Amino acid sequence: QVQLVESGGGLVQAGGSLRLSCAASGRTFSSVAMGWFRQAPGKEREFLASISRSGGNPNYADSVKGRFTIARDNAKNTVYLQMNILKCEDTAVYYCAASTQRFGAPPAQQFYDYWGQGTQVTVSS
């Protein structure tokens, strides 16, 4: 099992920034790829960003490319999502997820095996 706990969500004005964290436990963190997803009420879960076991092969959705950055610190068993130039349409519950795929950083939810409980991000105009 992998347990994932997100933190860092909150209320921010449009144009502002937030940094989300996801702390992992239960197995060797460096053995899993990590991803960030979000889900707004009534909408499908959406892929945002992913990163390989070693920290390479970052992958971003077009909607956040150039604004969001994914990073990981394997020594701290933590993955981060730095979110800049936030827009009202970024409002959603944000989830981190772990994938046991051995290579790359898959950009789709079907490749992820473990999920956090989510953290709310609300962007106001």
Side-chain angles (χ1 to χ4, degrees):
Q1 292 287 340
V2 176
Q3 291 80 46
L4 303 172
V5 180
E6 302 96 335
S7 62
L11 177 64
V12 65
Q13 289 185 300
S17 298
L18 282 175
R19 185 179 179 87
L20 304 183
S21 298
C22 176
S25 62
R27 67 175 291 168
T28 303
F29 179 67
S30 61
S31 70
V32 292
M34 297 294 297
W36 285 96
F37 298 78
R38 68 186 179 191
Q39 189 166 22
K43 296 186 178 180
E44 296 283 338
R45 191 184 309 159
E46 176 188 13
F47 167 78
L48 298 175
S50 58
I51 191 166
S52 72
R53 297 185 301 166
S54 65
N57 300 311
N59 200 357
Y60 297 96
D62 288 342
S63 61
V64 303
K65 192 174 297 182
R67 298 190 297 124
F68 291 12
T69 302
I70 189 170
R72 67 189 297 162
D73 186 340
N74 287 349
K76 296 181 178 179
N77 289 353
T78 301
V79 64
Y80 305 94
L81 186 68
Q82 178 67 47
M83 306 186 294
N84 298 324
I85 320 176
L86 284 162
K87 306 173 181 179
C88 290
E89 50 263 45
D90 293 321
T91 295
V93 176
Y94 283 67
Y95 299 90
C96 69
S99 173
T100 55
Q101 295 287 312
R102 296 189 181 275
F103 302 100
Q109 62 179 300
Q110 63 262 37
F111 297 106
Y112 290 82
D113 308 289
Y114 305 99
W115 296 82
Q117 82 289 346
T119 186
Q120 177 71 46
V121 172
T122 302
V123 184
S124 62
S125 61

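When reading the values below, keep in mind they use all heavy atoms of this one structure, side chains included, and skip hydrogens, waters and symmetry mates. These numbers were taken from a predicted model, which means no experiment stands behind them.
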Are L18 and L48 joined in one hydrophobic group, where the rule is that I, L, V, M, F, W and Y side chains link up if heavy atoms are under 4.5 Å apart?
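Yes: a chain of side-chain contacts under 4.5 Å links L18 to L48.
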Do V121 and V64 belong to the same hydrophobic cluster, where Ile, Leu, Val, Met, Phe, Trp and Tyr are linked whenever their side-chain heavy atoms lie under 4.5 Å apart, directly or via other members?
yes
To the nearest 0.5 Å, what is the distance between [atom1] ([X]) and [atom2] ([Y])?
| X | Y | atom1 | atom2 | answer |
| --- | --- | --- | --- | --- |
| F111 | S99 | CZ | OG | 8.0 Å |
| L4 | Y95 | CG | OH | 13.0 Å |
| N74 | S30 | CG | OG | 5.5 Å |
| Q3 | C22 | CD | SG | 11.0 Å |
| M34 | C96 | CE | SG | 4.5 Å |

Do the side chain of T91 and the main chain of V123 share a donor and acceptor less than 3.5 angstrom apart?
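Yes.
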Could you walk me through whether W36 and F47 pass ring-ring contact (aromatic ring centres under 6.0 Å, His included), step by step?
CA-CA 7 Å; W36 285 96; F47 167 78; over 10 Å; no
Evaluation steps, side chain to side chain contact (heavy atoms under 4.5 Å, CB included), between T69 and L81
CA-CA 6 Å; T69 302; L81 186 68; over 6 Å; no
Where do [X] and [Y] come nearest, in terms of heavy atoms and distance?
| X | Y | value |
| --- | --- | --- |
| E6 | T119 | CB-CG2, 3.9 Å |
| G35 | Y112 | N-CE2, 3.6 Å |
| A40 | A92 | N-CB, 3.9 Å |
| Q82 | S17 | NE2-CB, 4.0 Å |
| A33 | P106 | CB-CD, 4.4 Å |
| I51 | G56 | CG1-O, 3.8 Å |

With side chains defined as the heavy atoms from C-beta onward, is the minimum distance between [X] and [Y] less than 4.5 Å?
| X | Y | value |
| --- | --- | --- |
| V32 | Y114 | no |
| I70 | V79 | yes |
| Y60 | S50 | no |

Other residues, nucleotides, ligands: >12 heavy atoms within 6.0 Å of Q1 CD:
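Count not over threshold, so no.
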Does CD in E89 sit with more than 12 non-hydrogen atoms of other residues, nucleotides or ligands closer than 6.0 Å?
yes
Check against side chain to side chain contact (heavy atoms under 4.5 Å, CB included), Q120 and Y94:
CA-CA 6 Å; Q120 177 71 46; Y94 283 67; over 6 Å; no
Verdict with supporting geometry, T78 and D73, side-chain hydrogen bond (donor to acceptor under 3.5 Å, both in side chains)
CA-CA 5 Å; T78 301; D73 186 340; over 6 Å; no
Let's go through L20 and S7 carefully: what are the C-alpha distance in whole Å and the side-chain angles of both, what is the deciding distance for side chain to side chain contact (heavy atoms under 4.5 Å, CB included) to 0.1 Å, and is it a yes or a no?
CA-CA 6 Å; L20 304 183; S7 62; over 6 Å; no
Face-on cation placement of R72 at F29 ring, 6.0 Å and 45° thresholds
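Yes, a cation-pi geometry.
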Contacts satisfying salt bridge (Lys or Arg N to Asp or Glu O under 4.0 Å) that involve residues 34-50 (not counting sequence neighbours) are R38-E46, R38-D90
